[in-house]
Undergrad: 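Just passing along the structure, written as C-alpha cells.
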Amino acid sequence: MIMGSIGSNLQEVKRRIAAACASAGRDANKVTLLAVSKTFPAAAVRDAHAVGQREFGENYVQEALDKIDALADLRPGIEWHLIGPLQSNKTRPVAAAFDWVHSVDRLKIAQRLAEQRPPELPPLNLCLQVNISHEPSKSGVLPADALALAQAVAALPAARVRLRGLMAIPEPQPGAPLAVQQAPHRALRELMATMQARGLALDTLSMGMSTDLEAALAEGATCVRVGTAVFGQRPAAADAGG
Ligand SMILES: *Cc1c(COP(=O)(O)O)cnc(C)c1O
C-alpha cells in the first residue's frame, strides 16, 4: 500500500466515513474516529494531533504508557483508548492514564479499574469486548454471557467507571458480499439493542477497522478504530497479540 502523509491519510479516512454515513443516512459528526497508533512512535501521534486528531487507540499497555508520558503536554486535548487485552496485574496504571478501555471481558477487570480509578479523574469509560463470531482463538465475552456481565459492570460505582457500550473485532472478510461482511457488525448492534431494552444506558458501538469500516458504519458503529489507513503498515509480528 502506498501511503501519503498522516494528514492526507486522515482526510481520506474521514472521506470514507462521510460516504458510508451518507449512504446509511447517518450523521458523520456522531462517529468517533479512533486513530490506532500501536507500534508507531509518539512523534507520529504528535503529527496526527497537529492536524486535529484527538482520539488515539493503543493495544499494548507498556508501550502506551510510555507514549502517554511522552505526550503529557498535549493533555487535556488528547484522549487515550486502550483497545488491546488487559491483564489484571496491569489495571492500576491503566486506570490512572487512560480515558477509555474497550477490552473489558470479565468482571474482575472492571472491578479493579473501578477500585483503582483515581477519584480526582472523571469516570473511566468502558466497553465490553464481545467475541461476536464465537472464534475459539479470540478474546472477549461470549454473546450469551454478555448481558449478565454488562449488568454487573453497570452496577459498579458510577463516579469511577461508566459502561458505555460494546466492542468487537470481527474477522475481516475481504471480497465477501456486503451482507456477509455486515453480519457480525449487525449481531453486535442487536446485542447492544437487547441490553438497551433491558434498561442499560449504552451509547457506544466500537467496531470497524481499516478494511471493514464501511460495513461497520452501515450497521451503526459509533466509533471506528483505524490504524493502517492512518499511520501505514505495521510490522507483521506486531499484530500477534491483538
Ligand atoms: C490494530 C487494531 C485496530 C486497527 O486495525 P487496522 O486494520 O490497522 O485499522 C483496531 N482495533 C483493534 C482492537 C486492533 O488491535
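Computed from a predicted model, the values in this text were never measured in an experiment. Numbers for residues simply follow the sequence, beginning at 1. As the structure lists them, so they are numbered: ligands from 1, and atoms in each ligand from 1.
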Undergrad: Taking all non-hydrogen atoms of both residues, which atom of His49 and which atom of Gly77 are closest, and how far apart?
TA: NE2-O, 2.9 Å
Undergrad: Tell me whether Gln181 contacts the main-chain N or O of Ala176 through its side chain, where contact means a donor paired with an acceptor under 3.5 Å.
TA: yes
Undergrad: Does His102 reach ligand 1, in the sense of a heavy atom lying below 4.0 Å from it?
TA: no
Undergrad: Fit a plane to each ring of His81 and Trp100, take the angle between them on a 0 to 90° scale, and name the class: parallel (under 30°), tilted (30 to 60°) or perpendicular (over 60°).
TA: parallel
Undergrad: Using a strict cut-off of 4.0 Å, indicate which atoms of ligand 1 neighbour a heavy atom of Asn59.
TA: 14 (C), 15 (O)
Undergrad: What atoms in ligand 1 come closer than 4.0 Å to a heavy atom of Arg225?
TA: 4 (C), 9 (O), 10 (C), 11 (N), 12 (C), 13 (C)
Undergrad: Please could you name the atoms of ligand 1 that Val226 approaches to less than 4.0 Å, counting only its heavy atoms?
TA: 9 (O)
Undergrad: Is the backbone N or O of Pro122 less than 3.5 Å from a side-chain atom of Arg162, with the two atoms forming a donor-acceptor pair by type?
TA: no
Undergrad: Are the charged groups of Lys38 and Glu58 less than 4.0 angstrom apart, N to O?
TA: no
Undergrad: Any idea which atoms of ligand 1 are less than 4.0 Å away from a heavy-atom of Ile83?
TA: 11 (N), 12 (C), 13 (C), 14 (C)
Undergrad: Quick one: look at Thr228 and ligand 1, take heavy-atom pairs under 4.0 Å, and tell me if it's side chain, backbone, both or neither.
TA: both
Undergrad: Under a 4.0 angstrom heavy-atom cut-off, which atoms of ligand 1 come close to Gly227?
TA: 4 (C), 6 (P), 8 (O), 9 (O)
Undergrad: When you measure from the side chain of Glu55 to the backbone N and O of Gly57, does any donor-acceptor pair fall under 3.5 Å?
TA: no
Undergrad: Residue-level breakdown please: for Thr211 versus ligand 1, do any non-hydrogen atoms fall below 4.0 Å on the side chain, on the backbone, on both, or on neither?
TA: neither
Undergrad: Out of Thr39, Leu213, Ile169, who is nearest to atom 13 (C) of ligand 1 when you count heavy atoms only?
TA: Ile169
Undergrad: When Thr91 is tested against each of Arg112, Lys108, Arg117, Gln111 for side-chain hydrogen bond (donor to acceptor under 3.5 Å, both in side chains), which residue passes?
TA: Arg112
